[in-house]
2 protein chains.
Amino acid sequence: MAGATTTKTIRRAPADKFDERRNQLAESALRTLGELGYARTSLREIANNSEFSHGVVHYYFSDKTELIVYCVRYYKAQCVRRYDGVVADSTTPAELLDAFAAKLVETLQDEAPMHRLWYDLRTQSMFEETLREAVLMIDQTLEDMIWRVVSRYAELSGAEVAMTPAAAYGVLDGLFQQALLTYLLADPQAALDELVGQVHALMPLTLSPHT
Amino acid sequence: MAGATTTKTIRRAPADKFDERRNQLAESALRTLGELGYARTSLREIANNSEFSHGVVHYYFSDKTELIVYCVRYYKAQCVRRYDGVVADSTTPAELLDAFAAKLVETLQDEAPMHRLWYDLRTQSMFEETLREAVLMIDQTLEDMIWRVVSRYAELSGAEVAMTPAAAYGVLDGLFQQALLTYLLADPQAALDELVGQVHALMPLTLSPHT
DNA sequence: GCTCGGTCTTGACAGTTGTCAAGACTTTCC
DNA sequence: GGAAAGTCTTGACAACTGTCAAGACCGAGC
């Protein structure tokens, strides 16, 4: 709609246009899913949250499931590098710890709907076979993401990590999920404060007693 | 139908009969919910898993929501004392640790559907206001349950707990949830083994360095 | 200008859902 | 035995869902 098209529309491979629409629909879908949750999200509602009508979904996706899975992967691409800056910029353990906790708080605050959607989808995968593959893939990606933070923290501390990647991810994810629940259901401010304190207390415990 | 009723049916306050049916329906509902998950469970399916027809639900519950919430509370009553024996019978830290880990494995194996249902309902409460109160109440109950284990573990170790009840619950719940996911989606045996190892590694970290 | 391929809307379909009313069946009590 | 209260079944309803087909719209190329 902006003036980028002068004489003709910009040369664009058909596949690009197609994929762009798919991404556009994925974004509408993610917005709706984050608001309503997996169970209560219908294709019509997704279309309502976009500029298209409900029939268009079947033009770009063969299936509701295909749309959802596409959304999940699309979402992953957005969040997987979330803590890379924290890892790259910190030069001391304390600095990394503060930056990591701050980033956790930030994403909890700014993207609470997306996080609850992720937990929703992960839980649904325990009932629905179709989600299994995508969920396992994302979960692994998140574990790797956490592992980069924890192992960098150990490196800056001059210590070894005393946990497996899975364990480190498990405990941190547990704390984050609890904070999200408190944030959404009870006391947002308390949730953020507690999360900061818990992460600061936990991270040193992931290290071996220094030699 | 058994011979308990001799001349008349046993004297039974009407409220008792009413509550008994409600519990009967709650059990059918929990079986169905554990199998299908919250979203895919319909009142007709619940009735199919009982000896009644679908209309009876509305005789005992005003609402689908009321049935679900009743189920949640009914479920809680079953599981809240799960680790009391572990706490009562153990006399050394190592013994408690082994017994606790064994009990976690046992309940993960025997009641996987109920556990995934709990995580499902807890996640749904982030979208649905109606579940909020019941979920927060159960979550608190579980936190207390874990706290009894952890503080007894500290007592037997002659040390102080270095975490808040919320933090201890958060990390252990994170590990358990991860184990459940692995158990259901990937490798059941590996999930159980990893859980045992992780709990053994984590529990000592909940204690203050002994004085 | 006019066709043509791609894009999108509209309307309909069959199935499922929560809800509820009407009545049949059962138990209780006189 | 028969009335009354309690219990349960049946069938229907409106709303909603995923799916899809028929055709309208639109820009590009001859």
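Naming: A, B, ... by sequence-line order, numbering from 1 per chain. Just so it is clear, the structure is predicted and the values come from calculations on it, not from any experiment.
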4.5 Å side-chain heavy-atom contact, B:Thr141 and B:Cys79: no
Report the distance from atom CD of B:Glu106 to atom CG of B:Leu108, rounding to the nearest 0.5 Å. 11.0 Å
Got B:Glu128 and A:Arg40 here, is their nearest side-chain heavy-atom distance under 4.5 Å? yes
Just the table, please: protein N/O against nucleotides 23-26 of chain D N/O, every pair under 3.5 Å.
none

Atom CD of B:Glu20 and atom P of D:dG6: how far apart are they, to the nearest Å? 18 Å
Could you state the atom-to-atom distance from CG of B:Leu43 to P of D:dA12 in whole Å? 20 Å
Rounded to the Å, how far apart are B:Phe52 CZ and D:dT7 C1'? 10 Å
Starting at atom CG of A:Asn48, determine the distance to atom P of C:dC8, rounded to an integer number of angstrom. 16 Å
Once the angle between the rings of A:His115 and A:Phe176 is folded into 0 to 90°, is it parallel (under 30°), tilted (30 to 60°) or perpendicular (over 60°)? perpendicular
Expressed as a whole number of angstroms, how long is the span from A:Arg22:CZ to C:dC8:C1'? 17 Å
Return the orientation label for the A:Phe100 and A:Tyr83 ring planes: parallel under 30°, perpendicular over 60°, tilted otherwise. perpendicular
In whole angstrom, what separates B:Arg40's CZ from D:dT17's C1'? 15 Å
Side-chain heavy-atom pair B:Val171, A:Gln198 within 4.5 angstrom cut-off: no
By nearest-nucleotide position on DNA chain D, the 5'-leaning member of A:Glu45 and A:Gly55 is A:Glu45
With a 4.5 Å limit on heavy-atom distance, are the side chains of B:Trp118 and B:Asp139 in contact? yes
Just the rounded figure in Å: distance from P of D:dA12 to CZ of B:Arg44. 13 Å
Is B:Ser42 near enough to C:dT17 that one of its side-chain N or O atoms lies under 4.0 angstrom from OP1 or OP2? yes
Could you list by number each residue of residues 56-64 of chain A showing a heavy-atom separation from DNA chain C of less than 4.0 Å, or answer none if no residue does? A:Val56, A:Tyr59, A:Tyr60
Ion pair check, A:Glu66 and A:Arg22, cut-off under 4.0 Å: yes
Base, sugar-phosphate alone, or nothing: which one does B:Arg21 contact when heavy atoms must sit under 4.0 Å apart? sugar-phosphate
Tell me if the side-chain of A:His54 makes a donor-acceptor pair with the base of C:dG11, cut-off 3.5 Å, by modelled atom types. yes
Could you tell me how far apart B:Ile68 (CD1) and C:dG18 (P) are, to the nearest whole angstrom? 9 Å
Within the 3.5 Å criterion, strictly below it, is a donor on B:Tyr74 or B:Glu27 matched to an acceptor on the partner's side chain? yes
When we call it a touch if two heavy atoms are under 4.0 Å apart, what does B:Ser53 touch: a base, just sugar-phosphate, or nothing? base
